[in-house]
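First the structure, in the form of structure tokens, and then the observations on it.
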Amino acid sequence: MRAHMITYGCQMNEYDTHLVQSQLVSLGADMVESVDEADFVLINTCAVRGKPVEKVRTVLGELRKQKGQRKLVVGMMGCLAQLEEGQQIARKFEVDVLLGPGSLLDIGKALESNERFWGLQFKDELHEHIPPPPAGKLQAHLTIMRGCDHHCTYCIVPTTRGPQVSRSPDDILRELDMQLAAGVQEVTLLGQNVNAYGVDGGAKLAGYPSFADLLRMVGKSGVRRIKFTTSHPMNFTEDVAAAMAETPAVCEFVHLPVQSGSDRVLRRMAREYNREKYLRHIAEIRKHLPSAVLFTDIIVGFPGETEEDFQETLSLYDEVGYDSAYMFIYSPRPGTPSYKHFQDLPRELKTERLQRLIAKQKDWATRKNAEKLGSVQEVLIRGDAHSEGFLEGHTRGNHPTIVPKALGATGAGIYQVRIEQTSPHMLSGRILGSDGQPLPELPRFTPEAAAVMGGLPMA
Ligand code: 5AD
Ligand code: SF4
């Protein structure tokens with residue numbers, strides 16, 4: 001079998017793709033790079049907004065055409081697969097295999113079956129089958145929990161991924177050991193709401209540390225950098241900020257989705273905190289980590305959002321001074337309370353507010369990134385950038401960063417970089433040697449440069 005996977009959605013989905021890919025390989029499949037080479041195409045779907053759902057429809061439409069012309073098995077997994085909406089789409093586009101986020105290990109059974117196979121149960125043993133990360137990858141994701149116990153009125157995730165289930169600390173540390181043995185230097189702890197780790201369905205699990213203590217534990221493993229995502233402000237505690245500050249490996253980066261700056265909207269979203277409580281958490285983070293890089297998620301045009309409410313979101317942005325934000329237009333999702341009970345605002349109004357928010361985000365990102373000019377940042381270089389002769393990576397604060405290759409620094413690794421240029425989207429600079437001086441740049445675009453680079457050991 002030649003299999004190809006297409007992944008939409010969040011980091012959780014990337015992690016699940018990695019899991020399923022390794023299952024496919026152990027079943028004897030060859031993973032191929034394109035749809036055309038494959039006789040099994042599996043799409044890992046996202047259901048959080050309408051757009052990713054539309055993309056899946058388009059791809060499935062294409063695949064259905066191809067099915068008429070050659071032997072092709074089509075599969076759909078992930079969040080959309082779990083929903084009635086996804087199952088309707090699957091029927092319409094003649095999907096053969098459907099696996100919800102809790103049934104991924106049924107992939108073997110599904111491929112053996114001669115008829116349509118739909119797996120939609122939530123099973124517990126997913127984590128026992130996590131493969132080691134691919135060789136040479138310095139970064140890895142590590143799922144510490146699945147599902148979510150909150151019920152934000154706009155969000156489909158509790159339906160697609162089920163209630164929160166924390167993974168045992170032993171399991172987490174075992175997977176971390178495997179990642180470290182494979183050479184991983186930066187691990188991102190993943191969960192819908194990592195701050196609620198160890199408290200499932202409102203009950204504290206015996207023998208499970210708090211999230212703050214989990215950070216301290218992971219910090220002792222020897223991993224060079226630790227990040228985590230995502231945090232719900234409701235479950236954020238000052239101890240998390242304290243643990244971050246006292247654990248050198250934990251990066252000074254916090255992604256704390258606020259969604260709106262208006263108490264009225266937050267209440268309708270059932271976010272379980274208000275503006276004041278949110279700002280208190282920001283103050284706690286800044287107290288322990290004055291240089292913390294702050295990211296957030298914002299939804300504009302939630303049903304009933306007035307101009308006044310939106311102004312409060314803008315003023316909150318200024319009050320916090322975010323480094324950056326993921327900004328979304330409210331997308332009504334069938335199956336969510338807000339879809340059922342509230343009237344969607346006109347498209348133009350939502351788009352116009354998004355434009356104003358983007359202008360604000362760009363303004364702050366320009367300013368915040370400019371503050372990094374001249375500073376030295378620890379950059380994890382992943383490998384070659386798009387432009388020849390350059391490498392790309394990211395800082396501890398998650399800023400995408402570009403540097404020219406230098407003598408002794410031509411590939412993946414963690415380097416000190418002096419920032420020489422900034423934009424709202426990225427930083428660029430020069431790699432420093434152990435004496436704090438820039439390493440000599442390699443001459444670019446010449447055969448001689450290629451020869452020199454070829455002859456150098458990888459950093
Ligand atoms: N419409 C728009 N954005 C949404 N998000 C979640 N559900 C919706 C929706 N129905 C956003 C939230 C969340 C991020 C992952 O996606 O901001 O934090
Ligand atoms: Fe990730 Fe949520 Fe999309 Fe599922 S619905 S892929 S959890 S963002």
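In each ligand, atom 1 is the first atom listed, and ligand 1 is the first ligand listed. Because the structure is a prediction, the values reported are computed rather than measured.
The closest non-hydrogen atom to atom 5 (N) of ligand 1, taken over K350, R49, Q192, comes from R49. Nearest to atom 10 (N) of ligand 1 by heavy-atom distance, out of C155, C152, S331, P332, is S331. Here the shortest heavy-atom distance to atom 14 (C) of ligand 1, taken over D297, V157, T229, T336, belongs to D297. Within the set H232, Q259, R333, the minimum heavy-atom distance to atom 17 (O) of ligand 1 is found for Q259.
Between Q192 and Q164 the shortest side-chain heavy-atom distance does not fall below 4.5 Å.
Polar contact with ligand 1: present for Y154 (N/O pair, distance under 3.5 Å).
Of the residues R353, K350, R264, the one that meets the salt bridge (Lys or Arg N to Asp or Glu O under 4.0 Å) test with E305 is R353. Remark: of the listed residues N195, N193, D149, N193 is the sole one forming a side-chain hydrogen bond (donor to acceptor under 3.5 Å, both in side chains) with N235.
For ligand 1, the atoms lying closer than 4.0 Å to a non-hydrogen atom of Y330 are 1 (N), 2 (C). Residue V48 approaches ligand 1 through these ligand atoms, each under 4.0 Å from one of its heavy atoms: 6 (C), 7 (N), 8 (C), 9 (C), 10 (N). Below 4.0 Å from some heavy atom of I329 lie the following atoms of ligand 1, by number and element: 1 (N), 2 (C).
Side-chain polar atoms of D309 and T306 form a donor-acceptor pair below 3.5 angstrom.
Residue-level proximity to ligand 1 for I299 is carried by the side chain, the only part with a heavy atom below 4.0 angstrom. Only the side chain of F328 comes within contact range of ligand 1, with a heavy atom under 4.0 Å; no backbone atom does. Contacts between T230 and ligand 1, counted as non-hydrogen atom pairs separated by less than 4.0 Å, are absent for every part of the residue.
Side-chain rings of H141 and Y15 stay apart, their centers remaining 6.0 Å or farther from each other. The aromatic ring centres of F211 and F228 sit less than 6.0 Å apart.
Cation-pi geometry between R268 and F302 is not satisfied (NZ or CZ under 6.0 Å from the ring centre, within 45° of the ring normal).
Around the CD atom of E307, the shell of radius 6.0 Å holds more than 12 heavy atoms that belong to other residues, nucleotides or ligands.
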